[in-house]
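Input: a single structure, listed below in structure tokens.
Labels below follow one simple rule: chain letters A, B, ... track the order of the sequence lines, proteins then strands, and each chain is numbered from 1. In what follows, every heavy atom counts, from backbone to side chain, and hydrogens, waters and symmetry copies are set aside.
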Number of protein chains: 2
Amino acid sequence: MSETKRELILDAALVLFVDRGFDGTTVPMISEKAGVGAGTIYRYFENKEALVNTLFQECVGELIETINDGYPRTSDDLREQFGHIANQVIRYAKKNLNALLFLDSHTNGHYLDEASREAYMRLRTFLCEFIERGQKNKVIRPLPADALIALMDGAFIALNKCIKAGEIEETPELLAGVKEACWDAIRIH
Amino acid sequence: MSETKRELILDAALVLFVDRGFDGTTVPMISEKAGVGAGTIYRYFENKEALVNTLFQECVGELIETINDGYPRTSDDLREQFGHIANQVIRYAKKNLNALLFLDSHTNGHYLDEASREAYMRLRTFLCEFIERGQKNKVIRPLPADALIALMDGAFIALNKCIKAGEIEETPELLAGVKEACWDAIRIH
DNA sequence: CAAAACGGAATGAATGTTCATTCCGAAATA
DNA sequence: TATTTCGGAATGAACATTCATTCCGTTTTG
């Protein structure tokens, strides 16, 4: 077996959560898509909530790891740091687009536990620190960090949804264009 | 009675849908928040899906109306048109913030019917035409309209969420700043 | 080496719960 | 009083979860 049952379950749940949401996805749907018995899910996860929280924490963890990988921490060139973050998010989306869409659409779920919220907060703090450093250096606009992050987030997520829906083709120029648009949105001119 | 039962139901449902989603909101929750009996809901709406679709269509309709109100259609100054759209969206958010958040979080719901999708498409088409006109005039970046719209959308929604959460205060300067950031994101420099 | 016994993993029918919806007596209205 | 509106208990369907049973690879026994 190339994938363990646990992985089959997580993969199936991810896809379903992305297009139907947590509350709109039933356990039988997950078990059917995963090709396992309904009871098997409970051998790996305490309940449906534990499943979504595990998934959430794993996805956030991987994204943070991806962004941190090779991050020019000591550099004081904000443009370079921005470029790294954007490139790594693109890399993450390429590897697992659904994970990115899942994170985006589940960050405010009423079913997320403390650990999930904390994991997400770590990601957010990282990004806020980047923004605030830029604001201190008068490179980034003095707007709420949340709004600036959402602006970039919104653009990338929408872009990836278009790509997923097959409406547009992913090309290096396209990605570079969105990156530039994001940078122009947050920087001071 | 200052509000009809129908309005009480719609208002209660709107709030619940915004913070729990459609599937996460039960009919008893709506009836309790509205202060009416569960059965009463079915005097005004055929079922839960009809309720969410009515709400969606009314919200989209009001938003389109708000944006159209005083739109400088004949002008060929894109910056002016952009300013109008942004101002009217801000006006809409001021009047009914939850409606804006509701629209944002329910556009892809599996429960939306044909009429809802069509209503939303009308809004989207309007915005796309604005983007494409700008691209033809070489004022707006040649990126997918969806991505550019999402970029602006993401910024405004996040900003309003911050305001709603009380994290930041809504000031004219703040709104002007976000407007400018959005414009810088989509225009060619 | 073959046969039997074992035990953890997997299953899906069974269970109790929660939900959307219905229905009918009560209350309001005319 | 007749008619309409309302409320919330009642209903049946769908759900999350459980558990007695099956399955199958491994180990023990003869």
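For the pair I41(B) CD1 and dG7(D) P, the computed distance is 10 Å after rounding to whole Å. One interatomic measurement links the two molecules: CZ of R6(B) to P of dT4(D), which rounds to 21 Å at whole-angstrom precision. Residue D23(B) contributes atom CG, which lies 15 Å from atom P of dA14(D) at whole-angstrom precision. Atoms CD1 (I30(A)) and C1' (dA10(C)) sit 17 Å apart, rounded to a whole Å. Nucleotide dT18(D) holds its C1' atom 13 Å from the CD atom of E46(A), rounded to whole Å. Distance CZ (R20(A)) to P (dA14(D)): 14 Å, rounded to an integer number of Å. Atom P of nucleotide dC19(C) and atom CG of L16(B) are separated by 13 Å, given to the nearest angstrom. In this entry the distance linking OH of Y44(A) with P of dA9(C) reads 7 Å, nearest Å.
Aromatic rings from F126(B) and Y71(B) are positioned such that their centres are separated by under 6.0 Å.
Between dA9(C), dA20(C), dG7(D), one nucleotide has an atom nearer to the side chain of R43(A) than all others, and that is dA9(C). Side-chain proximity of K48(A) to dA16(D), dA9(C), dA20(C): nearest is dA16(D).
Mapping T40(A) and V27(A) onto DNA chain D by nearest heavy atom places V27(A) at the nucleotide closer to the 5' end.
Within the 4.0 Å cut-off from OP1 or OP2 of dG7(D), at least one side-chain nitrogen or oxygen of K5(B) is found. For the pair Y42(B) and dC23(C), the criterion of a side-chain N or O lying under 4.0 Å from OP1 or OP2 is not met.
Residues N160(A) and A93(A) approach most closely at OD1-CB, 3.8 Å, considering heavy atoms.
Between T66(B) and Q88(B), the side chains place no donor N or O within less than 3.5 Å of an acceptor N or O (distance only, hydrogens not considered). In summary, the side chains of Q81(B) and R73(B) do not present any donor paired with an acceptor at a separation below 3.5 Å, with no hydrogens or angles considered.
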